[in-house]
Amino acid sequence: MNGVRERLASRALTAVAVLIAVLWTTPTLGLLLSSFRPEEEIKTTGWWTLLGAPHFTLDNYREVLAGGGNGSGGLAEHLVNSVVITVPSVLFPLVLALLAAYALAWIDFRGRDALLVGVFALQAVPLQMALVPLLRLFSQGWLFLPAWHATGPARFGQVWFAHTAFALPFAVFLLHNFLAGLPRDLVEAARVDGASHGTVLLRIVLPLARPALVGFAVIQFVWVWNDLLVALTLSGGTAETAPLTVGLADLAGTYGDQWQRLTAGAFVAALVPLLVFLALRRHFARGLLAGSVKG
């Protein structure tokens with residue numbers, strides 16, 4: 001009797017999960033179908049009418065990537081800018097956080113616990129509060145740091161700096177929890193055999209920390225790729241340095257009536273993060289649980 005109830009409960013939960021998945025993905029499906037519809041049909045009929053009278057076109061994607069028509073267009077250059085901004089903004093905090101997390105987890109020094117608490121507390125600082133001090137730092141300098149006065153592609157450095165600074169508290173906290181849960185005997189045995197901290201980090205800790213590193217890399221990649229506020233504030237918003245999100249904000253045209261561009265632009269913007277997630281999905285789930293348990 002209990003087995004029958006369990007099977008019925010399992011089937012009911014499966015049906016509910018399928019229903020939620022269908023409801024959740026239906027708007028995305030409608031957006032995808034709309035991106036292949038002609039402009040006049042998008043503005044006059046719903047996407048579901050495509051099922052009865054299919055009429056597909058690639059003009060929307062051609063206009064979004066290469067530009068053309070009235071208003072703004074041409075996301076190809078913005079797409080390159082997004083890659084240039086995102087990749088270093090993921091690698092810089094990843095490397096720095098790994099070094100800091102190893103030091104906080106395996107090197108005894110005075111004030112280590114207080115420093116860890118400070119790193120954790122920095123996660124509560126809103127990003128918006130730091131933008132004005134950052135702009136002041138870049139324009140006027142501070143202490144031993146001179147003013148940047150960056151123009152053109154040099155503005156990428158400002159965006160990298162900002163994303164690295166904003167990501168470090170969470171990255172250090174995540175990696176520290178994972179590294180602190182590694183078997184202590186393994187690290188101590190390597191130290192007894194004469195291995196330096198650099199050798200332990202590269203030969204032992206780095207391979208074991210791959211799930212946590214991948215988990216943070218995926219989260220940071222998606223966050224930076226979808227960022228508009230930091231990129232618009234620090235990159236200048238010009239076509240030379242502005243990322244994809246800035247270009248997407250201009251796709252609607254001067255009067256906000258270029259809906260066909262928005263449907264195609266949404267999937268152009270989502271393609272790269274989707275490919276990154278699919279490529280790293282095996283480690284992503286394990287990375288989300290990094291540091292949640294020890295052993």
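For clarity, every value in this text was computed on a predicted model and none was experimentally measured. Throughout, residue positions are numbered sequentially from 1 according to the sequence presented.
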Val16 and Ile20: side-chain contact (heavy atoms from CB on, under 4.5 Å), yes or no, with the steps?
CA-CA 6 Å; Val16 172; Ile20 293 175; 3.9 Å; yes

Open item on the list: Between Trp160 and Val84, does the side-chain contact (heavy atoms from CB on, under 4.5 Å) criterion hold? Intermediate values first, please.
Closed with: CA-CA 10 Å; Trp160 296 340; Val84 173; 4.0 Å; yes

Derivation and outcome, side-chain contact (heavy atoms from CB on, under 4.5 Å), residues Phe173 and Leu122 = CA-CA 10 Å; Phe173 181 74; Leu122 286 175; over 6 Å; no

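For the atom pair CG (Leu31) and CZ (Phe267), the distance works out to 4.5 Å, reported to the nearest 0.5 Å. Distance check: Leu229 CG to Leu131 CG gives 5.0 Å after rounding to the nearest 0.5 Å. To the nearest 0.5 Å, atom CG of residue Leu182 and atom CD1 of residue Ile204 are 10.0 Å apart. In this structure, the separation between CD on Glu63 and CG on Leu75 is 10.5 Å, given to the nearest 0.5 Å.
Phe109 and Leu201 end up in the same hydrophobic cluster when Ile, Leu, Val, Met, Phe, Trp and Tyr side chains are linked at under 4.5 Å. Residue Val272 is grouped with residue Leu91 when hydrophobic side chains (ILVMFWY) are merged at heavy-atom distances under 4.5 angstrom, including chains of intermediate members. Hydrophobic clustering (side-chain heavy atoms under 4.5 Å, transitive across Ile, Leu, Val, Met, Phe, Trp, Tyr) keeps Leu271 apart from Val222. By the criterion of side-chain heavy atoms lying less than 4.5 angstrom apart, applied directly or through intervening Ile, Leu, Val, Met, Phe, Trp or Tyr residues, Leu115 is grouped together with Ile107 in one hydrophobic cluster.
Heavy atoms from other residues, nucleotides or ligands lying under 6.0 Å from CZ of Arg210 number 12 at most.
A 4.5 Å side-chain heavy-atom check between Pro243 and Val246 finds at least one atom pair inside the cut-off.
Aromatic ring centroids of Tyr61 and Phe36 lie under 6.0 Å apart.
Pairing each heavy atom of Phe216 with each of Val90, the nearest pair is CE2-O, 4.5 Å. Between His197 and Trp106, the closest heavy-atom pair is CE1-O, 4.3 Å. Across all non-hydrogen atoms, the minimal contact from Asn60 to Ser34 is ND2-O, 3.9 Å. Taking both residues in full, the closest heavy atoms of Glu40 and Thr44 are given as O-OG1, 2.7 Å, listed atom of the first, atom of the second, then distance.
Legend: residues meeting side-chain contact (heavy atoms from CB on, under 4.5 Å) with Thr26, ordered by chain and number and at least two apart, are Val22, Trp47. A search for salt bridge (charged side-chain N to carboxylate O under 4.0 Å, His left out) contacts involving Arg112 returns Asp108, not counting sequence neighbours.
The hydrophobic cluster around Trp24 extends to none of the other residues, as no ILVMFWY side-chain heavy atom falls under 4.5 Å of it.
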